[in-house]
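First up is the structure itself, then whatever we jot down about it.
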Amino acid sequence: MTEYDHNGTPIVHGIDLDDETRCSHYHTPVDVVAMRFKCCDKYYACIHCHNECEDHEPIPWSKDEQDTLAVMCGVCKYEMTIHEYVHTDQCPNCSAAFNPRCEAHYHHYFTL
């Protein structure tokens with residue numbers, strides 16, 4: 001089950017996280033997205049953080065789960081659906097830019 005802090009913000013797991021969900025694997029100014037994994041219902045900064053912290057294989061969200069809240073902006077903590085995320089290059093809430101190269105990793109998180 002997704003864990004939340006005392007403010008109701010989802011807790012993001014990962015390796016060497018900063019306050020905007022950048023991790024040891026991805027830490028450019030635009031690496032500010034965390035993904036909720038279907039397999040464990042936890043937010044992680046990236047696939048590598050998930051794989052280093054969990055003892056199971058990741059399971060991507062299916063095509064018919066595009067309306068699932070499974071992506072979070074690390075800047076403002078806005079949770080968005082998969083559909084919202086894959087159809088934008090910035091946070092719909094705070095306009096923080098997202099890394100356009102993340103598209104190459106979508107297959108780890110969801111099936112489109």
Apply the test side-chain contact (heavy atoms from CB on, under 4.5 Å) to residues M35 and Y85: give CA-CA distance (whole Å), side-chain angles for both, the deciding distance (0.1 Å), then the verdict.
CA-CA 10 Å; M35 302 291 183; Y85 174 65; 3.5 Å; yes

Give the C-alpha distance, both sets of side-chain angles, the deciding distance and a yes or no for side chain to side chain donor-acceptor pair (under 3.5 Å) between T68 and E65.
CA-CA 6 Å; T68 302; E65 295 174 304; 5.1 Å; no

Run C73 and M80 through side-chain contact (heavy atoms from CB on, under 4.5 Å) and show every step you take.
CA-CA 8 Å; C73 173; M80 65 199 88; 4.1 Å; yes

Intermediate values then yes/no, side chain to side chain donor-acceptor pair (under 3.5 Å), D64 and S62:
CA-CA 5 Å; D64 63 346; S62 68; 2.3 Å; yes

Step by step, would you call H13 with H50 a side-chain contact (heavy atoms from CB on, under 4.5 Å)?
CA-CA 8 Å; H13 302 271; H50 173 277; over 6 Å; no

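With rounding to the nearest 0.5 angstrom, the CD atom of E20 is 9.5 Å from the SG atom of C76. Rounding to the nearest 0.5 Å gives a distance of 6.5 Å between SG of C23 and CG of L17.
Here the side chains of V33 and N99 are not in contact, with every heavy-atom distance at 4.5 Å or above. A 4.5 Å side-chain heavy-atom check between H108 and P60 finds every atom pair outside the cut-off.
Relative ring orientation between H105 and Y26 is described as tilted, the plane-to-plane angle lying within the 30° to 60° band. Using bins of under 30°, 30° to 60° and over 60° for the plane-to-plane angle, the ring pair H25/H48 lands in the tilted bin.
Across every non-hydrogen atom of W61 and F37, the tightest pair is CZ2-C, 4.1 Å.
Ion pairing of E79 with R36 is absent here, as no side-chain N (NZ or NE/NH1/NH2) approaches a carboxylate O to less than 4.0 Å.
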